[in-house]
Protein chains: 2
Amino acid sequence: MLHEEVVSRLRDMLLEGEVPPGARIPERELCLKLKISRTPLREALKVLAAEGLVLLLPNRGSRAARLTDKDVHDLFEVCQGLEALAGELACERITDEQIKEIAEAHHAMVANYRDGDLAQYYRRNRQIHEGIVAAACNPVLSGLYDSVTARIRRARYLTPMTPPRWAIAIQEHDAILNALQRRDGTGLAHILRAHLRHKREEILKAGFAEIDSVRGLAAHENGNNESAAGRA
Amino acid sequence: MLHEEVVSRLRDMLLEGEVPPGARIPERELCLKLKISRTPLREALKVLAAEGLVLLLPNRGSRAARLTDKDVHDLFEVCQGLEALAGELACERITDEQIKEIAEAHHAMVANYRDGDLAQYYRRNRQIHEGIVAAACNPVLSGLYDSVTARIRRARYLTPMTPPRWAIAIQEHDAILNALQRRDGTGLAHILRAHLRHKREEILKAGFAEIDSVRGLAAHENGNNESAAGRA
DNA sequence: AATCCGTGTTTTGAATTCAAAATTGTGAGA
DNA sequence: TCTCACAATTTTGAATTCAAAACACGGATT
């Protein structure tokens, strides 16, 4: 297995909550599961620590990072800036073909909304946001966006949405698609920022950090990874 | 030596050009110089590779990253976005004390300009930009800013400035301080963006990437790290 | 009963070792 | 002379090993 593979495999495990937030990272177990020795595993952990997904405690191992409310706040703030920038650039650079793809994802997402299919809705939603970033044609931006969104992914997609919030999100996405089709960079930047600001407010109001934190603690205290999350 | 120390020591060496862009990274040498074994060195290299400062070639070692014009373009584009965001946030959160500090750095910088002291000028300049980012009170933003500015540091501070450009830069910095003192976030964001856009144009016009690339190649081809840079 | 102390165990961090891959150097043949 | 092939050497990537640090458990002491 290649270094980058180990990193992304491990990153996925963290994002999936296979190792819950705050839980100690079981080096030994992971070595067996990934069939690698400690050396490449630890290399990957250092990389993930630099990304902010893992907490490195000198001489006492590493833990899956846990987000505080402040972290969520700050990450969303930066995410707003990155998506706003992406929106502006996308309007300058996006092809008609790419707009068509995003429009299709948008309509599919609206259908998911009508069906009340949250999982599919989130999938399409993510596809749209990522499409806009990709259309900015800036790999540096894409990279930072990936790393920031990775850290808030759990907050973003695990927090349940209230029906009124969902309705508003749909309206906002209408405006997003509209601005994109008009190639109104400034307008798109503004609506994206507002959209994410609202999402953030929703998440912080729901007390995500506390929920996630408790889940992590529970899993930690009885040394159980899989089932504790459900039990907590 | 702690892991983070190795990373930042190594990062400094790359930024200083001690290992020139494009040059092979001499694992053995660095182990001796830092008095560590290959394991922690390689851990640091993977982290720096994730940061974009090091290029990892499977089975053929690692090289100091070399920036293309496109890289410089993209990095500055993102940097514009980050500083613009920082400027907006700073205007909401900065204390009078912090403004005073930045104002002092500004005036010192203007004095450096009058003296024609480019090195000191750049030092103050950086202090101002970093001060604005710090005033945004967002560690996530600071982190991304650090990593992006690290990658373009050589381009930013090694490219010589033409006298007219320098004069304009001073004007722009007047406007920056002014917006900050008025706590005009939107205005500050705009002027910062323009300021960095101009800087980028200057650098790309000067053909930084080619210059840096040649320097790296020369150092690579005769296996010499230190003296080649000066000789090229 | 609660706390402190000491011993044995586990875990961590880093050096070393080892196999595989790439690179270099040399000589044979065109 | 130039090119190709092949052996020797070096370098890489990862497993193993080893010392030091943290941890866990038990017994002694107050």
Side-chain angles (χ1 to χ4, degrees), chain A residues 1-11 13-14 18-20 22-51 53-66 216-217 219-225, chain B residues 1-11 13-14 18-20 22-51 53-66 216-225 228:
Chain A
M1 191 170 351
L2 217 51
H3 165 70
E4 259 313 320
E5 260 185 282
V6 178
V7 173
S8 66
R9 181 92 178 67
L10 211 44
R11 188 189 292 120
M13 293 176 69
L14 291 166
E18 203 166 328
V19 178
R24 189 113 173 244
I25 288 173
E27 274 190 16
R28 186 88 20 157
E29 322 277 327
L30 288 178
C31 285
L32 294 177
K33 189 170 323 197
L34 301 180
K35 297 186 209 310
I36 54 176
S37 78
R38 282 178 62 220
T39 307
L41 178 74
R42 289 168 55 80
E43 284 172 355
L45 286 177
K46 308 262 180 191
V47 169
L48 292 169
E51 277 181 34
L53 288 172
V54 162
L55 203 60
L56 240 47
L57 303 119
N59 286 321
R60 15 183 76 205
S62 38
R63 293 177 169 270
R66 185 188 306 169
L217 269 179
H220 164 55
E221 278 170 7
N222 54 34
N224 192 323
N225 292 338
Chain B
M1 187 165 5
L2 216 53
H3 165 70
E4 260 312 320
E5 260 186 281
V6 178
V7 172
S8 68
R9 182 92 177 68
L10 210 45
R11 187 190 292 120
M13 293 177 69
L14 291 165
E18 204 165 329
V19 178
R24 188 109 173 246
I25 289 173
E27 272 189 21
R28 189 77 33 131
E29 321 278 328
L30 288 177
C31 285
L32 294 178
K33 187 167 329 196
L34 302 181
K35 297 185 207 310
I36 55 176
S37 79
R38 282 179 61 223
T39 307
L41 178 75
R42 288 168 54 79
E43 284 171 355
L45 286 176
K46 309 264 182 189
V47 170
L48 292 169
E51 277 181 35
L53 287 172
V54 161
L55 204 60
L56 240 47
L57 304 119
N59 285 323
R60 12 182 79 205
S62 38
R63 291 174 171 274
R66 185 188 305 167
L217 268 179
H220 164 56
E221 278 170 8
N222 54 33
N224 192 321
N225 293 338

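Order of the sequence lines fixes the chain letters, A, B, ..., with proteins taken first and strands second; residue numbering starts at 1 for each chain. What you are looking at is a predicted structure, and each value in this text was computed from that prediction instead of being measured.
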Requested in this report: Just jot down the side-chain contact (heavy atoms from CB on, under 4.5 Å) partners of A/Arg42, sequence neighbours excluded, or say none.
Outcome: A/Glu27, A/Arg38, A/Lys46, B/Glu43

Requested in this report: For A/Leu32, check side-chain contact (heavy atoms from CB on, under 4.5 Å) against everything at least two apart and list the hits.
Outcome: none

Please tabulate, for the side chains in residues 4-11 of chain A, all donor-acceptor contacts under 3.5 angstrom to protein atoms that are two or more places apart in sequence or on a different chain.
{"from": "A/Glu5", "atom 1": "OE1", "to": "A/Leu2", "atom 2": "N", "distance (Å)": "3.2"}
{"from": "A/Ser8", "atom 1": "OG", "to": "A/Glu4", "atom 2": "O", "distance (Å)": "3.3"}
{"from": "A/Ser8", "atom 1": "OG", "to": "A/Glu5", "atom 2": "O", "distance (Å)": "3.3"}
{"from": "A/Arg11", "atom 1": "NE", "to": "A/Glu51", "atom 2": "OE1", "distance (Å)": "3.1"}
{"from": "A/Arg11", "atom 1": "NH2", "to": "A/Glu51", "atom 2": "OE1", "distance (Å)": "3.4"}
{"from": "A/Arg11", "atom 1": "NH2", "to": "A/Glu51", "atom 2": "OE2", "distance (Å)": "2.7"}

Query raised in the report: In B/S/- notation, 5' to 3', how is nucleotides 10-17 of chain C contacted by protein heavy atoms closer than 4.0 Å?
Result: -SBBBBB-

Query - side-chain contact (heavy atoms from CB on, under 4.5 Å) partners of B/Ala49, counting only residues at least two apart - result: B/Val54, B/Leu56

**Report entry** Set of side-chain contact (heavy atoms from CB on, under 4.5 Å) partners for A/Ala50, sequence neighbours left out
**Finding:** B/Val47

